[in-house]
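One structure is given here, and the rest of the page talks about it.
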Amino acid sequence: MLNINKKLDGEKLAVVLEGRLDTTTSPNLESELRASLDGIKELVFDFKDLAYISSAGLRVLLSAQKIMNKQGSMKICNVNSDIMEIFDVTGFVDILDIEQ
């Protein structure tokens, strides 16, 4: 299960994820982002309450990063040690802007 809470502030969008970002839930996030990123210059993901991320979830982050590379910036904050380890192992620490 994944809860997606979006907070829009002008050209900044904060996306707070709670639960598990996996094969089942990542299409939800993908469609939410697709509907929300027009005109956004700053995208911030808050992973404080994200318990798990799978390769499907990583793929969604990667596609969001590609979009934001063209129109602004994207960062991820409040990453717990389990998810940070996944980012380390997959090399995503080198691709994503992660703020701890």
Note: Ala51 and Ile83 closest approach over all heavy atoms is C-CD1, 4.1 Å
Is a side-chain donor-acceptor pair under 3.5 Å present for Asn28 with Glu32? no
If we count only N and O atoms by modelled type, under 3.5 Å, do the side chains of Ser73 and Lys41 hold a donor and an acceptor together? no
Any carboxylate oxygen within less than 4.0 angstrom of a Lys/Arg side-chain nitrogen, looking at Arg59 and Glu30? yes
Do NZ/NE/NH1/NH2 and the carboxylate oxygens of Asp22 and Arg20 come within less than 4.0 Å? yes
Correct closest heavy-atom pair for Gly57 and Leu21 would be CA-CG, 3.6 Å
Looking at every heavy atom in both Asp82 and Asn80, which two are closest together, and how far apart are they? N-OD1, 3.0 Å
Measure the CG-CG distance between Asn3 and Leu17 for me, rounded to the nearest 0.5 Å. 9.5 Å
Checking Gln71 side chain against Asp38 main chain: does a donor-acceptor pair fall under 3.5 Å? no
Atom of Ser26, atom of Thr23 and distance for their closest heavy-atom approach: OG-O, 3.9 Å
Can you tell me how far the CZ atom of Phe45 sits from the CG atom of Leu96, to the nearest 0.5 Å? 9.5 Å
Val44 and side-chain contact (heavy atoms from CB on, under 4.5 Å): which single residue from Lys75, Glu99, Met74 fits? Lys75
To the nearest 0.5 Å, what is the distance between CD (Glu18) and CG (Asp49)? 5.0 Å
Please report the closest heavy-atom contact between Met84 and Val79, naming both atoms and the distance. N-CG1, 3.6 Å
Can you see which heavy atom on Val15 is nearest to which on Lys6, and at what distance? CG2-CG, 4.3 Å
By side-chain contact (heavy atoms from CB on, under 4.5 Å), which residues pair with Thr90, not counting sequence neighbours? Leu58, Ile86, Phe92
